[in-house]
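For reference, the structure is listed below as structure tokens.
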Amino acid sequence: MRRHPVYALFRHPDGSWYRLWITHAEPKTERGHPWHVHATYDKTGSIAPVAGTLWYEQPYGMSNWDFDSEAEALAAFRERAEERLKHGYELREGAIPGRESPPPPDT
């Protein structure tokens with residue numbers, strides 16, 4: 001399992017947000033998958049994500065994808081993260097593995 005959690009919080013100028021993270025779990029069945037990518041989001045901007053929590057430790061999101069290897073999970077995470085950036089979202093928390101992190105936002 002990775003030593004550091006893999007997660008990212010994206011925000012869009014219209015108020016939308018998108019959280020993305022990876023978890024690793026021992027499969028409960030022989031056909032189970034040990035690696036998981038999760039997403040939670042609000043496209044309306046009406047619900048703010050709760051700050052100060054370890055949200056990336058949650059075992060499930062609103063959407064969930066299962067993988068057999070860490071490499072597959074990381075590739076799926078990067079793909080979904082890049083989609084957010086292409087659609088005008090800004091990375092506000094966490095990082096995208098294999099990509100240089102942007103400077104912190106102005107406060």
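For clarity, every value in this text was computed on a predicted model and none was experimentally measured. These numbers come from the heavy atoms of this one structure, side chains and all, not from hydrogens, waters or symmetry mates.
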Closest non-hydrogen atom pair, [X] against [Y]:
X: Ala8; Y: Ala95; answer: CB-O, 4.1 Å
X: Ala39; Y: Leu20; answer: CB-CD1, 4.2 Å
X: Ala73; Y: Val37; answer: O-CG2, 3.4 Å
X: Pro59; Y: His38; answer: O-CE1, 3.0 Å
X: Gln58; Y: Thr23; answer: O-CG2, 3.6 Å
X: Gly88; Y: Pro13; answer: O-CD, 3.4 Å

Before we go on, tell me: are the rings of Phe67 and His33 under 6.0 Å apart, centre to centre? no

Would you confirm whether the ring centroid of Phe77 sits within less than 6.0 angstrom of the ring centroid of Trp21? no

Do Ser16 and Arg11 come within less than 4.5 Å of each other through their side chains, counting heavy atoms only? no

Tell me whether [Y] is reachable from [X] by hopping between hydrophobic residues (I, L, V, M, F, W, Y) whose side-chain heavy atoms are closer than 4.5 Å.
X: Leu54; Y: Leu9; answer: yes
X: Tyr89; Y: Met62; answer: yes
X: Trp65; Y: Val6; answer: yes
X: Tyr7; Y: Leu85; answer: no

Does any N or O in the side chain of Glu72 come within less than 3.5 Å of the main-chain N or O of Asp68, such that one atom is a donor and the other an acceptor? yes

Could you walk me through whether Thr40 and Tyr18 satisfy the side-chain contact (heavy atoms from CB on, under 4.5 Å) test, starting with their C-alpha distance in whole Å, then the side-chain angles of each, then the deciding distance to 0.1 Å, before giving a yes or no? CA-CA 6 Å; Thr40 300; Tyr18 190 93; over 6 Å; no

A cation-pi test, strictly: NZ or CZ of Arg84 under 6.0 Å from the centre of the six-membered ring of Trp17 and no more than 45 degrees from its axis. Yes or no? no

Check the pair Tyr56 / Arg19 against side-chain contact (heavy atoms from CB on, under 4.5 Å), numbers first and verdict last. CA-CA 8 Å; Tyr56 47 81; Arg19 284 179 167 170; over 6 Å; no

So CZ of Phe10 and NE2 of His12: to nearest 0.5 Å the spacing works out to 12.5 Å

Approximate separation, where rounding is to 0.5 Å, of Leu91 CG and Ile96 CD1: 5.5 Å

